[in-house]
Chemist: 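Here it is: the structure, laid out below.
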Amino acid sequence: MSKVLDAKVMAVLPVAPETYYMELEAPEIARLAVPGQFVHVRCSNSQDPLLRRPISIHMVSRPKGILALLFRVVGKGTELLAQKQIGDVINVMGPLGRGFTLPLPGSRVAVAAGGIGAAPLVFLVQELANMKCQVTVYLGARDKKNLLCDGQFVQMGAEVVIATDDGSLGFKGTVPEMMRRHNDWRRTAMTYVCGPKGMMKEISAMLAEADVPGEVTLEEHMGCGVGACLSCTVKIAHHGQITNKRVCADGPVFPSWQVVWD
Amino acid sequence: MSKVLDAKVMAVLPVAPETYYMELEAPEIARLAVPGQFVHVRCSNSQDPLLRRPISIHMVSRPKGILALLFRVVGKGTELLAQKQIGDVINVMGPLGRGFTLPLPGSRVAVAAGGIGAAPLVFLVQELANMKCQVTVYLGARDKKNLLCDGQFVQMGAEVVIATDDGSLGFKGTVPEMMRRHNDWRRTAMTYVCGPKGMMKEISAMLAEADVPGEVTLEEHMGCGVGACLSCTVKIAHHGQITNKRVCADGPVFPSWQVVWD
Amino acid sequence: MKPNLAVTIGGVNMKNPVTTASGTFGFGREYGPYIDINRLGAIVVKGTTLEPREGNATPRLVETPAGILNSIGLQNPGADYLVEHYAPYFATLQTRVIVNISGNTVEEYARLAAKLDGVPGIAGLEVNISCPNVKKGGMAFGSHPATAAQVTKAVKQATALPVIVKLSPNVTDIGEIARAVEAAGADGLSVMNTLLGMAIDVRKRKPVLGNIMGGLSGPAVKPVAVRAVWQVYRAVKLPIIGMGGITTAEDALEFILAGATAVAVGTANFVNPRATLDVLEGIEAYLVENSITDIKELVGAAHR
Amino acid sequence: MKPNLAVTIGGVNMKNPVTTASGTFGFGREYGPYIDINRLGAIVVKGTTLEPREGNATPRLVETPAGILNSIGLQNPGADYLVEHYAPYFATLQTRVIVNISGNTVEEYARLAAKLDGVPGIAGLEVNISCPNVKKGGMAFGSHPATAAQVTKAVKQATALPVIVKLSPNVTDIGEIARAVEAAGADGLSVMNTLLGMAIDVRKRKPVLGNIMGGLSGPAVKPVAVRAVWQVYRAVKLPIIGMGGITTAEDALEFILAGATAVAVGTANFVNPRATLDVLEGIEAYLVENSITDIKELVGAAHR
Ligand SMILES: Cc1cc2nc3c(=O)[nH]c(=O)nc-3n(C[C@H](O)[C@H](O)[C@H](O)COP(=O)(O)OP(=O)(O)OC[C@H]3O[C@@H](n4cnc5c(N)ncnc54)[C@H](O)[C@@H]3O)c2cc1C
Ligand SMILES: Cc1cc2nc3c(=O)[nH]c(=O)nc-3n(C[C@H](O)[C@H](O)[C@H](O)COP(=O)(O)OP(=O)(O)OC[C@H]3O[C@@H](n4cnc5c(N)ncnc54)[C@H](O)[C@@H]3O)c2cc1C
Ligand SMILES: Cc1cc2nc3c(=O)[nH]c(=O)nc-3n(C[C@H](O)[C@H](O)[C@H](O)COP(=O)(O)O)c2cc1C
Ligand SMILES: Cc1cc2nc3c(=O)[nH]c(=O)nc-3n(C[C@H](O)[C@H](O)[C@H](O)COP(=O)(O)O)c2cc1C
Ligand code: FES
Ligand code: FES
C-alpha cells in the first residue's frame with residue numbers, strides 16, 4: 001500500500017556540503033515503509049518544477065510517525081526542498097517501490113555506500129541490526145567533509161571501513177578499490193550497494209566474479225513513480241532474456257547480477 | 001529613469017480582508033518616483049507564474065529609502081507576494097509610467113477612490129498636501145471592513161467622505177452616487193480617480209458633463225511594463241482621432257475625457 | 001439538484017466526462033491505492049500494439065518548463081497479453097475501458113482492431129495515429145488526411161467497437177485531418193497527442209532523450225490543445241475528448257467550452273494522483289454554482 | 001583568452017550571437033534604462049508594415065503556464081515613420097539593427113523591402129511569414145512551401161539587404177518550408193515564431209484574447225523550438241537565428257548545439273530586462289570553461 005499525504009516538516013538541517021537532513025510527519029508512510037523504498041516528493045506548488053522528485057527513505061521512527069530523508073541539492077527541486085522550513089507542508093507519496101531482500105536473522109552481510117548513496121542504507125542497517133546481523137559497511141565519499149552517516153552506522157553496531165577519494169579519511173581511493181583489499185564481503189549472505197552508477201557497476205562485477213549475491217539500487221528519471229508511465233525503465237537480464245523493468249515499481253532495488261549496465 | 005533591483009522586504013502585513021501592506025527597501029526607486037507611477041514586481045523565481053505584476057506606488061519614504069505597496073490578493077502572483085517574509089528579496093522594476101498631473105500649489109482638488117484604487121492616491125494626496133492643496137477624498141468600498149486608507153487621508157489633512165455599498169459606514173451606495181449629492185468636485189482644478197472600471201467610467205462622464213478636468217488610472221494586462229511589447233494598449237481619443245496608447249508607458253494615468261471606454 | 005454529467009463519445013457511454021490520457025495511467029490498477037477509478041467516466045489505457053514492444057532507449061523522460069518530454073515509444077506487452085491478462089480485470093470495473101491502439105501498417109491497425117473486437121471489458125478503441133515516438137506508423141499516419149482516413153476506415157471495418165481517432169497537433173491544419181477522419185467513419189476524436197519537441201544536454205552536447213525527440217505534454221501545452229479542440233469543433237460534428245495539460249477543473253472547463261464533450265487527464269496524474277477526481281469534483285461544483293443542469297449545455301459554449 | 005563570439009547571419013555581421021526577438025524589444029530604446037544595447041550582436045525590432053496598423057482588440061496578452069499568449073497583431077507606425085523617426089537612431093547604435101517586416105500580399109512585402117533598401121541604420125530584414133495574429137498574410141504565407149518561396153523571392157528581388165526569413169512552427173514539416181525558402185534565395189532563417197494557441201475565460205465562457213487566438217511564447221515552447229531548429233539545421237545550409245523560450249545561457253546553448261548560429265531572446269526580456277546580457281555573459285563563460293576558442297565550433301555540435 002502507498003499513500004499520498006501532506007506531511008509537516010518537523011526538522012531540516014544541513015549535515016554536509018549541499019546535503020540536508022529532513023524529518024517529515026508522515027505516520028502512515030513510516031508505518032508501511034521497508035528499507036530500500038522511496039517517496040515521491042512535490043517540491044513546490046507551482047508548475048515549474050512540475051514533477052515530483054524521488055527520494056529514498058533514509059530512516060523512519062514508527063513510534064513518532066516520522067519519515068526522515070537525506071538529500072543532496074543538485075537542481076531546482078532539491079534546492080526548493082532545502083529551503084523548506086519547520087512547519088511547512090510537503091505533499092509526499094509513498095512508500096514506493098520494492099525494498100531490499102532481507103537475509104536470515106544473524107547473517108553476516110556487507111553494505112557498500114558511496115556519497116549520498118548512504119541515505120537508504122541507514123534504514124537497512126537499522127533493520128539488519130534489529131535482525132542481529134553482522135554488518136560491515138564499506139563507506140566512501142569524495143573527502144572527509146562529504147562523508148555521510150558514518151556515526152549512525154557505528155551506533156547501530158556495524159563495522160565501518162572508510163574510503164575517501166582524496167585520502168582525507170581512511171583508505172585513499174574508491175569503495176571498490178578498498179573492497180578489493182578486504183575479503184570479508186566474499187563470505188557474506190548478501191552485499192547491498194548504493195552509490196554512483198560506476199561504483200555499483202564495478203562492485204556488481206566483483207560480486208559476480210566472487211559468485212556472491214548482491215543488490216543494487218538504481219536511479220532513472222521518473223514520471224509517475226507508480227509503474228504507470230514506463231519512463232524509468234532499466235534493462236534487466238533474467239534467464240537469458242533482457243527486458244525493461246521499471247525502477248519505480250519493479251525496483252529501485254535489483255539483484256546485482258541481473259542488471260545490464262551500459 | 002527606471003531601475004531594476006533586488007529589494008528587501010522590510011514589512012508585510014494584512015490590513016483588510018485579502019489586502020496587504022508591504023514595505024520594500026528600494027532607495028533608488030523611492031527617490032525617483034512620482035505619484036501615479038507603478039513598479040513591476042517579480043513574485044517568484046520560478047517560471048510559473050512567469051510575468052511580473054504591476055503594482056502602484058502606494059507611498060515612499062525618501063529619507064528611509066522605502067517603497068510601500070498596498071495590494072489585494074486576487075491570483076497566483078499576489079498570493080505569492082503576500083506570503084513573502086521580512087528579509088526576503090523581491091526583484092522590482094520602476095518607477096514606471098507617467099504619474100498624475102499636479103495642480104498649481106494651493107489649488108482645490110478632488111480625489112475619488114474605490115476599493116484597492118485608494119493605493120496610489122495616498123502618495124498623491126501626500127504630494128498635494130505638501131503643495132498646500134485643499135483636498136476632498138471621495139472614498140468608497142464594499143463595506144466598512146474593506147475600507148482602505150481613510151486614516152491616512154485624514155492624517156494628511158484631506159476631507160474624507162465615505163461611501164460603502166452596504167451602508168456599513170457613511171453613504172450607502174457607490175462613489176459616483178455619493179458624488180452626485182456633492183457639489184465641491186464641480187469647482188476643483190482637478191479630480192483624480194482610481195477604482196473599478198465602471199466607477200471610473202461613470203465619474204469620467206460626470207466630469208465631462210460638469211466640464212471639469214480629471215485624470216483616471218487605467219489597468220491592462222502587461223508584458224514588458226516599459227512600452228516595448230504593445231500588450232497593454234487602451235483606446236485614447238485625441239483631437240478627434242482614436243489611437244492605441246500603452247498603459248505602461250503612456251499611462252497609467254490618462255485624462256478622463258480622452259479615454260474611450262468600452 | 002445534482003447536475004447530469006453523463007456524456008457519450010461515439011457510442012461509449014460515460015457516467016461523467018472525465019477520463020485518463022493513454023500512457024499516463026498504465027492499465028488503471030497502478031492508481032488503485034490513490035483513487036477509486038470506478039468513479040471516472042472511462043479510463044483510456046496504455047498504447048497497445050499487435051506484437052509486444054520494448055520501447056525506446058532511456059532516458060525516456062525529461063522535465064521542461066511546466067511540461068515534460070517523453071519518448072516511451074509504445075512499450076507494451078502486446079494485444080494477446082492484454083486480452084488474456086488485462087481484459088478480465090477491465091470487465092470487473094464499473095467504468096468504461098478504452099484501449100489505445102497503434103500499428104506499423106494500416107493492416108496491423110486492422111488486425112489489432114479485429115483482435116480486440118468483442119473482447120469483454122473493452123468499451124471502445126482509441127486509434128493513435130499521432131505518436132511522435134515511433135519510427136514507423138505513429139505520427140506519420142496522422143500527418144496527412146489521406147493516410148489518417150485510410151487507418152480510420154480499416155479499423156472501422158475490422159471492429160464493431162466505437163472508434164475514436166487521436167489527432168496530432170504537429171500539422172498545418174488539424175481541421176483538415178479531422179474532416180478526413182470523420183468522412184472515413186470515425187465515431188469520435190481525441191484531441192490532442194503530444195507536441196514534437198526535444199531537449200539538449202549542454203554538458204554532454206547531446207540530446208537528452210535516448211530517442212532524440214519526444215512528445216511534449218503537461219500544462220505548457222494547454223493553450224495549443226485548447227486551440228486544437230476549438231478548431232476541430234468548428235471543422236466536424238464528431239464528439240471530442242479534449243486533453244493536453246489539464247491539471248484542474250478550470251483547465252477541463254476551458255476544453256469543454258472550446259468544444260470537448262469529455263476530457264482526459266494525462267501528465268497531471270504524475271504530479272497529483274488524485275487529479276482526475278479533483279477535476280471531476282470541480283466540474284460538478286462549477287455546474288452547481290452556475291445552476292447548469294446538464295454538462296452538455298457547456299460543450300462548445302465559448303463559440304456562441 | 002577571450003573566445004571569438006562573432007558570427008554572420010547571411011551577411012549581417014554580429015559581434016556576438018545574441019539578439020532580440022521581434023516584438024518583444026520595441027525599437028531598442030525602451031530597454032535603454034536597463035542595459036547597454038550596444039553590447040548585443042544585433043537587435044531585431046518590432047514587426048513593421050507598409051501602412052501604419054492599430055493591431056488587434058484587447059486583451060492582447062494572457063499568461064499561461066511558463067508562457068504567454070499574445071495577439072498584438074502587428075500594431076506599428078508604418079514604414080515611412082520607421083524610416084523617418086527610428087532609422088536615424090538605429091544609425092547611431094554600435095549594434096546591427098534588423099527590421100522585421102510583414103505584408104498582406106506578396107507585393108506589399110516587396111514594396112516594403114524596397115522602401116527599406118539602402119536606409120542607413122538598417123542592417124538586414126527579417127521576413128515574418130509566420131505571424132499567427134493577423135487575418136491576411138502572416139502565417140498563411142509561411143504555412144506552405146510555395147507561398148513561402150514566393151514571398152522570399154519577391155523580397156530578395158526588391159532589396160540588396162540580407163534577407164532572413166522567419167518560420168512558423170505551426171506546420172507539418174518545417175524542413176520542407178525551410179528548403180523552399182532556401183531555394184528561393186533567403187540568406188538566413190529565424191526559427192521560430194509563436195505556436196498558435198488560445199485560452200478561455202471559464203467565468204465569461206468566452207476566449208480571453210480579443211482576437212480569440214494568439215501566439216504562445218516563453219519557456220513553455222522551448223522544447224518545440226529546439227526541435228524546430230534541429231530539423232531545419234538538417235534540412236538546409238542557411239545560418240539560423242534560434243529562438244523560443246530562451247531565458248538563460250544554458251537555454252541559448254541548447255539552440256546553438258541544435259544548429260543555431262545566433263539566438264534571440266524574446267519573452268524573457270519582460271521577466272528580466274537584463275536577460276540578453278545574462279545570456280551573452282553566460283555563453284562566454286561556458287566557452288571559457290570548456291576551452292572553446294570560437295563559438296562557431298558549437299553550432300550544430302549535438303548532431304555530431
Ligand atoms: C529511487 C530513487 C531514490 C533516490 N534517493 C535519493 C536520496 O535519498 N537522496 C538524494 O539526494 N537523491 C536521491 N535520488 C536522486 C534524486 O531524485 C535527484 O537528485 C533529484 O530528483 C534531483 O532533482 P532536482 O530538481 O534537484 O535536479 P534537476 O536536475 O533540476 O532535475 C531535473 C529532472 O531530472 C530528474 N533527476 C535528476 N537527477 C536524478 C536522479 N539522480 N535520479 C532520478 N531523477 C533525477 C529530476 O527528478 C527532475 O525530473 C534518488 C533517485 C531515485 C530514482
Ligand atoms: C498600473 C497598474 C497598477 C496596479 N496597482 C495595483 C495596486 O496598487 N494594488 C493592487 O492590488 N493591484 C494593482 N494592480 C492590479 C494588479 O496588477 C493585479 O491584481 C495583479 O497583476 C494580479 O496578479 P495575480 O497573479 O494575483 O492574478 P492572476 O489573475 O492570476 O493574474 C494573471 C495575469 O493577469 C494579469 N492581471 C490580472 N489582473 C490584472 C489587473 N487588474 N491589471 C493588470 N493585470 C492584471 C496578471 O498581471 C497576470 O499576468 C495594478 C495594475 C496596473 C496595470
Ligand atoms: C509518458 C507518456 C506516455 C504516453 N503514451 C501514449 C500512448 O501510448 N498513446 C497515446 O495515444 N498517447 C500517449 N501519450 C499522450 C497522452 O495520452 C496525451 O495525449 C498527452 O500527454 C497530452 O495530455 P497531458 O498534457 O494531459 O499529458 C503519452 C503521454 C505521456 C506523458
Ligand atoms: C508580445 C510579442 C510580440 C511579438 N511580435 C512579433 C512581431 O511583430 N514579428 C515577429 O516576427 N514575431 C513577433 N513575436 C514573436 C517573437 O519574435 C518570437 O518569435 C517568439 O516570441 C518566440 O520567442 P520567445 O519565446 O523568446 O518569446 C512576438 C512575440 C511576442 C511575445
Ligand atoms: S516513473 Fe512511471 S513507470 Fe516508473
Ligand atoms: S506592457 Fe509592454 S507595452 Fe505596456
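Numbered from 1 within each chain, the chains take letters A, B, ... in sequence-line order.
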Chemist: When you scan chain A against chain C, which donor-acceptor pairs turn up at less than 3.5 Å?
Modeler:
{"from": "A:S2", "atom 1": "OG", "to": "C:Y34", "atom 2": "OH", "distance (Å)": "2.4"}
{"from": "A:Q47", "atom 1": "O", "to": "C:A66", "atom 2": "N", "distance (Å)": "3.4"}
{"from": "A:L50", "atom 1": "N", "to": "C:E63", "atom 2": "OE2", "distance (Å)": "3.1"}
{"from": "A:L51", "atom 1": "N", "to": "C:E63", "atom 2": "OE2", "distance (Å)": "2.7"}
{"from": "A:R52", "atom 1": "NE", "to": "C:V271", "atom 2": "O", "distance (Å)": "2.8"}
{"from": "A:R52", "atom 1": "NH2", "to": "C:V271", "atom 2": "O", "distance (Å)": "2.8"}
{"from": "A:R53", "atom 1": "NH1", "to": "C:E63", "atom 2": "OE2", "distance (Å)": "3.0"}
{"from": "A:R53", "atom 1": "NH2", "to": "C:E63", "atom 2": "OE1", "distance (Å)": "2.8"}
{"from": "A:A228", "atom 1": "O", "to": "C:G26", "atom 2": "N", "distance (Å)": "3.3"}
{"from": "A:L230", "atom 1": "O", "to": "C:R60", "atom 2": "NH1", "distance (Å)": "2.8"}
{"from": "A:T233", "atom 1": "OG1", "to": "C:R60", "atom 2": "NE", "distance (Å)": "3.4"}
{"from": "A:T233", "atom 1": "OG1", "to": "C:R60", "atom 2": "NH1", "distance (Å)": "3.4"}
{"from": "A:N244", "atom 1": "N", "to": "C:E54", "atom 2": "OE1", "distance (Å)": "3.1"}
{"from": "A:N244", "atom 1": "ND2", "to": "C:E54", "atom 2": "O", "distance (Å)": "2.6"}
{"from": "A:N244", "atom 1": "ND2", "to": "C:E54", "atom 2": "OE1", "distance (Å)": "3.0"}

Chemist: Give a yes or no on this: more than 12 heavy atoms of other residues, nucleotides or ligands lie within 6.0 Å of atom CZ of A:R62.
Modeler: yes

Chemist: Kindly write out the residues that satisfy side-chain hydrogen bond (donor to acceptor under 3.5 Å, both in side chains) with A:Y21, not counting sequence neighbours, or none if the list is empty.
Modeler: A:E23

Chemist: Test of understanding: with side chain to side chain contact (heavy atoms under 4.5 Å, CB included), list the residues that count as partners of A:V92, not counting sequence neighbours.
Modeler: A:A7, A:L24, A:I29, A:V39, A:L67, A:I90

Chemist: Keeping the roles fixed (side chain from A:T164, backbone from A:D143), state whether a donor-acceptor pair exists under 3.5 Å.
Modeler: no

Chemist: Examine whether an atom of A:M93 lies under 4.5 Å from a heavy atom of chain C, and if so say whether it belongs to the side chain, the backbone or both; otherwise answer neither.
Modeler: side chain

Chemist: Could you work out, with side-chain hydrogen bond (donor to acceptor under 3.5 Å, both in side chains) as the rule, every residue matching A:E127, not counting sequence neighbours?
Modeler: none

Chemist: Has A:E215 got a side-chain atom pairing as donor or acceptor with A:T101's backbone, closer than 3.5 angstrom?
Modeler: yes

